[in-house]
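Since the structure comes first, as structure tokens, the remarks are kept for the end.
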Amino acid sequence: MIHYEVSKGVLNIKIGGELDHSVATTIKERLDKVIRGGGYEMVVFDFSDLQFMDSTGVGLLLGRYKTAKSMAKPVAIFRPSAPVDKVLKVSGIYSIMPKI
Amino acid sequence: MIHYEVSKGVLNIKIGGELDHSVATTIKERLDKVIRGGGYEMVVFDFSDLQFMDSTGVGLLLGRYKTAKSMAKPVAIFRPSAPVDKVLKVSGIYSIMPKI
Amino acid sequence: MDKIVLIVKALPENECFARSVIAAYATRLNPSMEEVSDIKTAVSEAVTNAIVHAYNNDAEKDIRLTASIEGNTLWVSVEDTGVGIPNIVEAMKDFYTTKPSEERSGLGFTIMGTFMSTLQVQSVVGEGTTVVMSKVIG
Amino acid sequence: MDKIVLIVKALPENECFARSVIAAYATRLNPSMEEVSDIKTAVSEAVTNAIVHAYNNDAEKDIRLTASIEGNTLWVSVEDTGVGIPNIVEAMKDFYTTKPSEERSGLGFTIMGTFMSTLQVQSVVGEGTTVVMSKVIG
Ligand SMILES: Nc1ncnc2c1ncn2[C@@H]1O[C@H](COP(=O)(O)OP(=O)(O)O)[C@@H](O)[C@H]1O
Ligand SMILES: Nc1ncnc2c1ncn2[C@@H]1O[C@H](COP(=O)(O)OP(=O)(O)O)[C@@H](O)[C@H]1O
């Protein structure tokens, strides 16, 4: 499940379900297109409905971080569930995209 | 899950979850004890919370039917779910213990 | 061709485990709820027979399941290396059982045959039994 | 000893399937929710590596998983017959990846090592890789 919308200057990207390699390969380009589209001040990944993520998800986030950086926009992560939070913590990714 | 009580002359035996060989072997004697205990006019198997049953369940029902018959009490089946109903229909068991 | 193999011990808890794994695999064909529960029931019968009849509850023994998809058909085989069946035609008859004392109903093969599209049984006494079933989905 | 074997093709949908089957098996040890998700994550890493690195997405190839229980410890192995790893020590370093172009993070082994109690990798170039992990439950 993937859904995005711009609201109050924030590009909200909600990814639900399970984010692994089988999903990442299919949503990568779509996300880059949206991020490159502009019209926002900040990118937020809403993980409140994401039940599972592995290191492929970290790679996906780093890739989108680079795209957002090329637009000079910051990225943050919203409400990761406990298992997703654990993977994100181990990856050290919160130092570049904070949890909000 | 298994639960029984006598109410208005009916011995209600409720079996929930999944009824297969792994479960049947553990509840057989317990059920016979209750049925032999008497104090009721009719035995009703309440299958409203039973999600799964295979032919081992049919064997279990036929065994308890014999015990109830030795007490001269009739047996009926209450609200089997669609998958359980399908197994019971194929078995022909409704001819001796009607669905109510 | 897409195919999985699952090998489990002849333990009662593997009746539920094996039917759940095959049912999860079958979702690749987008089956209806009724089709899923038909598959679950048939697999449960075959695995239970391996535990009860082929191996007489010897939990050290292996049951080998394979499932594969060909077009819109799910194929499932359940294989044991147990006692085998001397007379398959007789064994497959409704209500025929060699273990009435254990309250077997003799309806396992009946249900496999009714709930699946095809059923085939191969057995060699002393070597084991293989049950091959298929179900056309949709 | 209780043990299961699961063989699946190197298909992306088997990442979810394999981790779910191993997680379902692990429930025999009555693990906490966190322990289950740790196991799922580690298995997902190993299976994804077999698909992406060992087999380069060749869906005809087999990945063999085994899971067993010894006391309160779950053992899981994930085995492929793919390209193999020339330098395991290097491969296991944080952020090391040979496929940065595919946005691999190089954290797969890091996560397996962090989420499981033990991690052991055996590999022969041109023959394949076996990842053996264990997790003490409770
Ligand atoms: N895997 C098997 N190995 C050996 N014998 C078997 C096997 N499966 C079935 N049988 C034989 O076939 C008979 C009929 O099987 P089935 O229709 O499933 O009924 P039930 O399991 O209730 O006895 C069994 O009683 C047994 O003698
Ligand atoms: N099963 C495997 N077969 C071959 N190479 C592997 C396998 N698993 C891991 N590797 C190698 O080890 C490296 C590090 O793996 P990992 O830490 O999981 O990171 P990533 O998958 O993100 O690259 C991979 O980039 C790859 O070169």
Side-chain angles (χ1 to χ4, degrees), chain B residues 1-2 13 15-33 35-36 45 47-70 75 77 79-97, chain C residues 8-20 22-23 31-57 59 63 78 91-92 94-116:
Chain B
M1 198 278 295
I2 169 158
I13 300 175
I15 303 178
E18 310 214 333
L19 176 51
D20 62 12
H21 161 253
S22 73
V23 173
T25 49
T26 69
I27 64 175
K28 205 158 90 170
E29 270 96 39
R30 233 161 102 204
L31 291 179
D32 271 351
K33 217 179 249 177
I35 295 170
R36 284 210 192 87
F45 282 94
F47 284 168
S48 56
D49 279 343
L50 189 65
Q51 273 104 45
F52 177 88
M53 194 188 92
D54 60 18
S55 76
T56 304
V58 175
L60 180 90
L61 285 173
L62 288 171
R64 307 304 68 74
Y65 175 79
K66 278 181 201 156
T67 312
K69 209 176 163 190
S70 74
V75 180
I77 290 167
R79 288 214 187 141
S81 62
V84 172
D85 188 46
K86 193 165 173 179
V87 170
L88 292 171
K89 260 185 200 144
V90 169
S91 76
I93 210 172
Y94 286 141
S95 62
I96 55 170
M97 41 181 106
Chain C
V8 297
K9 296 286 170 192
L11 284 166
E13 49 262 62
N14 284 325
E15 292 156 16
C16 179
F17 182 72
R19 70 180 178 251
S20 303
I22 303 298
S32 67
M33 275 174 62
E34 183 173 0
E35 287 164 338
V36 172
S37 82
D38 288 353
I39 293 162
K40 268 193 172 180
T41 311
V43 171
S44 192
E45 299 294 352
V47 171
T48 303
N49 279 353
I51 295 173
V52 172
H53 299 299
Y55 294 136
N56 203 9
N57 291 291
I63 303 168
V78 180
M92 290 180 79
D94 295 355
F95 304 108
Y96 177 86
T97 181
T98 49
K99 295 209 165 171
S101 59
E102 292 187 21
E103 300 197 337
R104 306 300 306 158
S105 65
L107 289 171
F109 283 130
T110 307
I111 289 195
M112 290 181 244
T114 312
F115 284 34
M116 300 294 275

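Given the structure is predicted, the values throughout are model-derived calculations rather than measurements. Below, chains carry the letters A, B, ... as their sequence lines are ordered, and counting in each starts from 1.
Remark: the backbone N or O of S55(B) is paired with a side-chain donor or acceptor of E45(C) at under 3.5 angstrom.
Residues of residues 15-22 of chain B that come closer than 4.5 Å to chain C, counting heavy atoms only, are E18(B), D20(B), H21(B), S22(B), ordered by residue number.
When all heavy atoms are compared, the tightest approach of S37(C) to P83(B) is OG-CB, 3.5 Å.
Counting heavy-atom pairs closer than 4.5 Å to chain B, the top residue among M33(C), E102(C), K40(C) is K40(C). Each of L62(B), T56(B), L61(B) has some count of heavy-atom pairs under 4.5 Å with chain C, and the biggest count is that of T56(B). Each of T114(C), T110(C), D38(C), T97(C) has some count of heavy-atom pairs under 4.5 Å with chain B, and the biggest count is that of D38(C).
In this structure, chain B has no heavy atom under 4.5 Å from any part of D94(C). If you measure heavy-atom distances from S44(C) to chain B, the contacts under 4.5 Å come from both the backbone and the side chain. If you measure heavy-atom distances from V23(B) to chain C, you find no contacts under 4.5 Å at all. When heavy atoms are compared at a cutoff of 4.5 Å, V47(C) does not approach chain B at all. Contact of K66(B) with chain C is not made at all, since no heavy-atom distance falls under 4.5 Å. Residue N57(C) touches chain B through its side chain alone, counting heavy-atom pairs closer than 4.5 Å. For I51(C), the part lying near chain B is the side chain, with the backbone staying farther off; criterion is any non-hydrogen pair under 4.5 Å.
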Could you go through the salt bridge (Lys or Arg N to Asp or Glu O under 4.0 Å) check for D32(B) and K28(B) one step at a time? CA-CA 6 Å; D32(B) 271 351; K28(B) 205 158 90 170; over 6 Å; no

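In the displayed structure, K69(B) atom NZ is contacted under 6.0 Å by at most 12 heavy atoms of other residues, nucleotides or ligands.
Within the 4.5 Å cutoff, no side-chain heavy atoms of I77(B) are placed close to those of V84(B). Within the 4.5 Å cutoff, the side chain of D85(B) has heavy atoms near those of the Y94(B) side chain.
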